[in-house]
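To start, the structure under review is shown below, and the notes come after it.
The first residue in the sequence is number 1, and the count goes up from there.
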Amino acid sequence: DIPDLQYLRIGDVVEATGPIIETDSGETSVNLSDLRFLSKALRHVSFDESLSTSRQRADRTRALLTSDLQDVLETRFEITRVIRSRLDEWGYDEVTTPVIQSTHSGGSSRPFVVTPEVDGRRFLRATMEIEMKSLIAGGYDRVFQVGQIFRNEGIDRANHPIKSVLELYETFADYDDMMDLTERLLRVVFDAVDLGPAFEYDGTPVDTSAEWPRLPIDLATERYGDVEVSGAADDELLDIATERSPDDRVFESSGGALYHLFETTAAPNIDDPTFVVDHPKRSSPLCAEHRTDPDRIERGGLWVAGMKVADTATEATDPVYQRERLVEQARRQNREEINDLLVRSLSRGMPPTGGLGIGIGRLATPATDAGSVRAGMPFVPREGAASHPTGGVPCPGGGGAFPVRRGGFDTTPISVREPRSITVANVSRGCSAVTKHYCGCRRTQPASQLSAFGDAKSVNLSTRSIVS
């Protein structure tokens with residue numbers, strides 16, 4: 001029973017029945033005796049290369065069908081699998097933490113604000129740190145989580161508002177132990193995705209074979225940024241940073257000036273895996289004070305191919321010190337509240353702890369030679385217009401507004417096609433079908449009027465499919 005093949009289109013899912021044969025040209029095939037439609041593609045993926053790059057990227061289904069993105073995604077998924085399995089093998093417990101938080105805990109990052117039905121304003125988590133440290137204070141020794149965090153910031157090669165990350169904490173460890181763990185774990189990851197001891201990213205060779213050096217931030221700034229900062233007085237650092245800032249930025253502290261100089265002049269030039277350690281105290285309020293330099297913290301970031309892919313730290317465990325640092329940060333940011341959950345957890349006693357964070361997207365970018373973090377994401381969020389019934393164009397079903405689609409995080413509307421409706425009934429069982437428009441309304445219409453499907457011309461009742 002073979003239906004008329006003129007109705008078969010790219011994207012249709014079919015079931016073919018028949019014996020397996022080999023054609024005269026040696027190709028394995030099926031001697032077809034029966035063909036049944038399992039699902040019908042009403043909107044066909046366009047592979048028109050003349051479309052603009054932005055239009056091609058907007059059609060994520062099109063992108064997912066291309067081998068380049070599939071290769072990137074397979075590598076990214078394998079990275080996550082290897083991290084999870086190896087940490088489980090090494091005795092770490094995987095945990096979960098809330099995605100919605102009562103207080104913003106992402107330091108200087110801008111939060112995504114959500115408004116639930118009760119209890120006022122909430123935030124999408126910008127870090128998993130607070131809750132995971134509560135678990136450490138509650139008696140867990142080794143915990144990790146692989147998940148997503150959300151930071152309301154711009155999009156560039158290394159940043160995206162939605163980040164897939166690993167966060168890990170281990171008791172009786174410090175940032176040196178965490179750097180050891182990071183190097184050990186990532187070497188396993190690189191081997192698992194067949195990168196070998198060396199690979200290329202954007203035409204630049206990256207050598208992972210040698211021991212990964214650990215450079216104080218001053219030395220790294222001089223070596224990779226060609227800026228003399230060792231021995232410079234605070235005023236000199238402020239002047240150097242201001243001179244090299246294109247927007248005449250004013251720095252409030254020498255620590256902030258040093259960190260800015262490193263990020264802008266040195267970090268982009270670090271190709272081989274390198275830990276940059278002993279950051280200025282002001283760069284993070286959650287790290288422990290350095291054991292020999294009160295102006296620094298015990299923090300080490302791992303840079304690969306010009307991107308920071310991991311962060312390690314000796315975590316602050318003194319509740320008095322922690323509150324002072326959080327209050328200081330809130331004052332700089334003109335905020336009136338701090339996250340008391342962390343301070344309360346520390347006040348119950350938290351053992352010395354080392355912390356590790358790895359950006360899965362940032363790690364996958366050089367590992368797959370993808371152009372950016374966004375290029376390796378399986379789904380790119382698209383922002384819609386105001387929700388029904390306040391935005392969009394009228395719904396043909398009388399249900400109010402059809403939301404105008406917008407590209408990426410840009411709020412400029414793109415062209416809007418006539419809204420399509422989607423069948424939610426088995427049209428072969430009667431002469432009418434219930435349709436559900438994108439706006440959410442429901443209405444009943446005769447099967448003969450299924451032109452609401454746009455380019456659908458008829459209904460093949462024998463195969464229960466809409467035919468283009």
> Which pairs with one or both residues in residues 163-186 pass ring-ring contact (aromatic ring centres under 6.0 Å, His included), sequence neighbours excluded?
Replying inline: none

Only counting residues at least two apart or in another chain, list the ones meeting side chain to side chain contact (heavy atoms under 4.5 Å, CB included) with [X].
{"X": "Asp311", "value": "Arg299, Lys308"}
{"X": "Asn269", "value": "Tyr224"}
{"X": "Ala267", "value": "Phe262, Trp303"}
{"X": "Arg348", "value": "Arg344"}

Holding to side-chain hydrogen bond (donor to acceptor under 3.5 Å, both in side chains), I want the full list of residues that pass it with [X], two or more places apart in sequence or in another chain.
{"X": "Ser134", "result": "Ser345"}
{"X": "Arg81", "result": "Glu78"}
{"X": "Glu170", "result": "Tyr92, Arg142"}
{"X": "Thr317", "result": "none"}

Show every donor-acceptor pair shorter than 3.5 Å between a side-chain atom in residues 234-241 and any protein atom, with sequence neighbours excluded, or say none if there are none.
residue : atom : partner : partner atom : Å
Asp234  : OD1  : Ser254  : OG           : 3.2
Glu236  : OE1  : Ala233  : N            : 2.7

>> Tell me which pairs pass salt bridge (Lys or Arg N to Asp or Glu O under 4.0 Å) where either residue lies in residues 127-138, with sequence neighbours left out.
In response: Glu129-Lys133, Lys133-Glu315

> Quick one: ring pair (Phe, Tyr, Trp, His ring centres under 6.0 Å) partners of His260, sequence neighbours excluded?
Replying inline: Phe251

